[in-house]
Amino acid sequence: MKLEDKLMTVDMKDIVALCKRRGFVFPASDIYGGINGFWDFGPLGVELKNNLRDLWWKHMVLCPPIGPDGTPVEIVGLDSAIIQNPKAWEASGHVGGFSDPMVDCKETKLRYRADHLIILHQEQGNPQDLRAVTFVEGTSEEDISKRLKKLGFSPNISDYKTFKFFDFPYVSENLDKIFGPDAKEKGTLTPPKQFNLMFHTFVGATAGEDNKVYLRPETAQGIFLNFKNVLDSTRVRVPFGIAQVGKAFRNEVTPRNFIFRSREFEQMEMEWFCHPDEAKKWFDFWIEQRKKFWLSLGLSEASLDCRKHGQDELSHYAKTGEGTYDIEYKFPFTAPGFGELEGIAHRSNFDLTQHEKHSGVKMEYMDPVDTSKRFIPHVIEPAAGLTRGVLALICEAYTVDANRPSGMYMNFHPALAPKKAAILPLTAKEEHVPLATKLYLELREEFAVDLDIKQNIGKRYARQDEIGTPYCFTIDNDTVTDGTVTVRDRNTMAQERISMDSVAGYLREKMRA
RNA sequence: GCGGGUGUAGCUUAGUGGUAAAGCACUAGCCUUCCAAGCUAGCUAUGAGGGUUCGAUUCCCUUCACCCGCUCCA
């Protein structure tokens with residue numbers, strides 16, 4: 001089926017319904033009516049998530065890729081605390097810069113980032129006659145003139161003083177006299193609202209400002225905080241990486257699109273420390289590696305996009321250097337557009353420098369061979385969303401097929417499928433069950449497998465199709481006489497006979513990613 | 001945060017100001033030698049709270065969740 005056709009037929013509603021029906025993803029706190037921005041992974045969802053996480057870990061830490069010089073790169077793992085000293089988040093810029101004050105326009109229902117607004121003000125003798133008009137930064141002089149004229153003011157921009165929104169004297173008190181960027185009336189802007197995207201809580205039994213702490217909004221900082229510890233406790237040498245998988249929390253203004261943007265989510269991040277002069281080389285290397293990784297999981301080339309960030313969308317730590325690349329996936333709810341799956345950012349030496357300043361601890365790296373070479377390493381960060389990755393895998397796998405009883409199947413790569421195989425005695429009578437049980441007991445030592453005895457064989461195949469089990473092994477009368485079983489392939493529904501002894505080897509072969 | 005929509009069983013749909021109905025799924029049993037067949041029995045629902053009323057799933061208010069659009073999104 002062509003991708004376009006698939007997108008026509010696959011509806012997010014069907015995917016969400018399947019996820020709940022079969023135990024991939026449940027609404028969090030379901031029996032209490034749910035809670036906005038939170039989701040739970042069910043029995044099959046957690047298997048899928050763990051499989052993706054383990055493959056990532058294998059690709060990063062256990063068996064990292066071969067570097068440009070032909071030898072494997074060096075990456076070590078870490079699992080840092082979700083709550084760190086709050087100074088860490090001041091240093092990282094999250095306390096000050098992670099929350100953007102917003103201004104709403106009551107008339108037009110539009111919302112603006114206050115730091116993107118400028119105010120043009122014309123001095124008047126009478127304070128009651130304050131002439132102040134707000135514009136979105138970057139509005140052309142021509143458009144500004146036009147709008148000023150329309151409001152009955154002088155169209156000559158040089159008659160005005162320009163302020164950043166927050167630099168305007170007593171801006172909050174004067175809002176009733178200021179024109180919004182798109183408003184016809186003055187005084188329609190609300191005071192700037194602070195959106196603090198970091199969750200906070202308190203350490204200790206009493207709550208107060210002095211023991212306020214934050215839940216990490218990214219796992220990366222835990223890595224930077226341990227940069228020295230890792231250097232001092234292991235024999236790694238620059239260039240090397242530190243990898244971490246874990247939960248992160250963001251108080252998103254608008255959680256949307258199922259588990260795509262949730263307030264509690266999981267990240268897979270690796271910080272690659274290298275010499276500043278080599279940053280470009282490693283940046284390109286990791287973009288290539290990360291793209292290959294997602295393709296190897298079965299995401300199609302057509303539904304993946306690699307895109308460089310524009311200057312205006314760069315985060316506070318990525319303003320300089322090589323910038324940021326996004327690996328994006330064409331989700332049903334973004335199509336024909338794409339949604340971010342992984343960002344590869346050149347964080348330069350921003351974070352280490354910040355932590356050196358705030359903590360007073362030297363973050364300089366000394367080359368162990370040439371001790372005259374000292375520098376604060378630059379960082380290339382491939383940061384992937386584990387939660388988003390699971391969603392992409394689910395969306396990619398969901399395949400409509402009117403020619404089978406279930407009407408669809410989940411086309412997971414065997415290495416990712418929550419269940420690798422089902423063992424099905426053709427009937428619940430005779431000698432089929434004992435033989436099936438024997439095979440099941442053998443396979444469960446090595447693979448996640450199901451033994452399903454009840455109901456007719458068609459229903460059981462259909463159930464396995466819905467959860468994406470790649471293989472079904474069926475025991476019938478021939479098994480009793482010649483020791484062979486049928487293998488039923490999920491995608492083609494074709495069957496072949498193999499000997500019961502070779503089933504484990506057959507599965508092992510298919511699991512290779 | 002704004003605007004619009006939706007909310008009855010696991011799913012899809014009925015229905016009513018007065019005992020909430022069905023199909024599929026699910027569970028148990030029978031039957032069944034390869035793709036949701038058949039028979040029997042069983043389980044499960046008006047998102048939450050309040051108001052009006054003798055009585056509310058139905059009318060009203062509030063709230064919550066989800067979907068769409070806007071906004072936002074290291």
Side-chain angles (χ1 to χ4, degrees), chain A residues 11-14 16-18 20-23 26-39 89 92-94 97-100 102-113 116 190 193 195 197-198 216-221 248 250-258 260-263 267 269 309 313-319 324 326 333 339-340 343 345 347 350-351 381 383 385 401 403-407 409 424-430 432 454-466 472-480 485-488 490 493-495 497:
Chain A
D11 193 332
M12 213 47 214
K13 262 196 302 194
D14 297 330
V16 174
L18 176 90
K20 182 170 181 190
R21 185 155 44 92
R22 287 306 189 188
F26 303 128
S29 310
D30 203 6
I31 61 170
Y32 288 104
I35 174 166
N36 188 252
F38 296 88
W39 299 86
W89 303 110
S92 69
H94 288 89
F98 202 65
S99 57
D100 299 313
M102 306 297 299
V103 172
D104 288 319
C105 177
K106 286 177 281 196
E107 178 191 315
T108 61
K109 307 295 181 197
L110 294 169
R111 166 174 289 179
Y112 311 93
R113 270 177 69 163
H116 284 180
T190 63
K193 264 180 249 167
F195 285 86
L197 293 189
M198 273 199 294
R216 66 181 177 202
E218 61 173 19
T219 57
Q221 294 306 324
R250 289 182 200 174
N251 217 342
E252 296 287 355
V253 179
T254 317
R256 270 292 165 90
N257 293 323
F258 197 33
F260 180 76
R261 176 174 295 120
S262 47
R263 292 186 162 130
Q267 294 184 304
E269 297 195 296
H309 271 206
E313 50 182 332
L314 287 177
S315 43
H316 61 271
Y317 55 71
K319 298 276 187 209
T324 299
D326 274 353
F333 48 82
E340 182 183 346
R347 296 183 78 130
F350 176 86
D351 301 276
E381 173 199 75
D401 180 2
N403 296 321
R404 62 177 75 203
S406 54
Y409 62 101
L424 312 173
L426 191 57
T427 69
K429 303 170 98 181
E430 303 169 24
H432 300 164
K454 302 285 179 181
Q455 298 178 317
N456 74 58
I457 193 74
K459 286 191 184 188
R460 286 179 279 164
Y461 284 148
R463 274 201 290 264
Q464 298 300 333
D465 281 347
E466 277 201 327
C472 291
F473 300 105
T474 304
I475 282 77
D476 59 13
N477 281 343
D478 289 350
T479 314
V480 180
V485 298
T486 61
V487 187
R488 185 261 196 186
R490 174 195 62 204
M493 296 195 283
Q495 301 189 0
R497 291 201 80 91

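Just so we're on the same page: letters track the sequence lines, and every chain starts at 1.
A gap of 29 Å separates the P atoms of B:rC24 and B:rG17, to the nearest Å. Comparing the P positions of B:rG47 and B:rG23 gives a spacing of 22 Å, expressed to the nearest Å. B:rA45 and B:rC39 have their P atoms separated by 26 Å, given to the nearest Å. B:rC67 and B:rA25 have their C1' atoms separated by 24 Å, given to the nearest Å. B:rU44 and B:rC11: their C1' atoms are spaced 12 Å apart (whole Å). Across B:rA48 and B:rA56, the matching P atoms stand 14 Å from one another, rounded to whole Å. Comparing the C1' positions of B:rC43 and B:rU6 gives an interatomic distance of 28 Å, to the nearest angstrom. B:rG29 sits 39 Å from B:rC66 when the C1' atoms are compared, rounded to a whole Å.
For A:Arg263 and B:rC72, the CZ to C1' distance is 12 Å, given to the nearest whole Å. Residue A:Asn251 contributes atom CG, which lies 18 Å from atom P of B:rC72 at whole-angstrom precision. To the nearest angstrom, C1' of B:rC34 lies 8 Å from CG of A:Asp476.
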Collect all protein-nucleotide pairs involving nucleotides 63-66 of chain B in which both atoms are nitrogen or oxygen and the distance is under 3.5 Å.
from, atom 1, to, atom 2, distance (Å)
B:rC64, O2', A:Gly33, O, 3.4
B:rA65, OP1, A:Asn36, N, 3.1
B:rA65, O4', A:Gly33, O, 3.0
B:rC66, OP2, A:Asn36, ND2, 2.4

Got a list of protein N/O to nucleotides 36-41 of chain B N/O distances below 3.5 Å?
from, atom 1, to, atom 2, distance (Å)
B:rA36, O4', A:Lys459, N, 3.4
B:rA36, N7, A:Pro405, O, 2.7
B:rA36, N7, A:Ser406, N, 3.2
B:rA37, OP2, A:Asn456, ND2, 2.8
B:rA37, OP2, A:Lys459, NZ, 3.2
B:rA37, N7, A:Asn456, ND2, 3.2

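At the heavy-atom level, A:Lys454 lies under 4.0 Å from the strands shown only through sugar-phosphate atoms. At the heavy-atom level, A:Ala428 lies under 4.0 Å from base atoms of the strands shown. Using a 4.0 Å heavy-atom distance criterion, A:Gln495 is classed as a base contact. The residue A:Gln267 sits close to a base: some heavy atom pair falls under 4.0 Å.
Where RNA chain B pairs in unbroken runs of 3 or more (Watson-Crick or G-U, both distances under 3.5 Å), the stems are B:1-7 with B:64-70, B:10-13 with B:21-24, B:26-30 with B:38-42, B:47-51 with B:59-63.
Between A:Phe38 and A:Ser262, the closest side-chain pair of non-hydrogen atoms is not below 4.5 Å. At least one side-chain heavy atom of A:His94 sits under 4.5 Å from a side-chain heavy atom of A:Met198. The closest side-chain heavy-atom distance from A:Gln455 to A:Arg463 is below 4.5 Å. Taking the side chain as every heavy atom from C-beta outward, A:Pro217 and A:Trp89 approach each other to under 4.5 Å. With a 4.5 Å cut-off on side-chain heavy atoms, A:Arg460 and A:Lys454 do not count as touching. Side-chain contact between A:Ile475 and A:Leu426: absent, with no pair of heavy atoms (C-beta onward) separated by less than 4.5 Å.
Between A:Arg263 and A:Glu252 there is no salt bridge, since no side-chain N of the basic residue sits under 4.0 Å from a carboxylate O of the acidic one. One finds a salt bridge joining A:Arg488 and A:Asp465 here, because a Lys/Arg side-chain nitrogen approaches an Asp/Glu carboxylate oxygen to under 4.0 Å. A salt bridge links A:Arg497 with A:Asp478: the distance from a Lys NZ or Arg NE/NH1/NH2 to an Asp or Glu carboxylate oxygen falls below 4.0 Å.
Taking the centre of each ring, A:Trp39 and A:Phe258 come in below the 6.0 Å mark.
Side chains of A:Glu466 and A:Ser406: a donor-acceptor N/O pair is absent below 3.5 angstrom, by distance only.
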- Task: List the steps, then state whether side chain to side chain contact (heavy atoms under 4.5 Å, CB included) holds for A:Phe473 with A:Thr486.
- Result: CA-CA 6 Å; A:Phe473 300 105; A:Thr486 61; over 6 Å; no

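Positionally, the nearest nucleotide of RNA chain B for A:Arg256 lies more toward the 5' end than for the other of A:Phe260 and A:Arg256.
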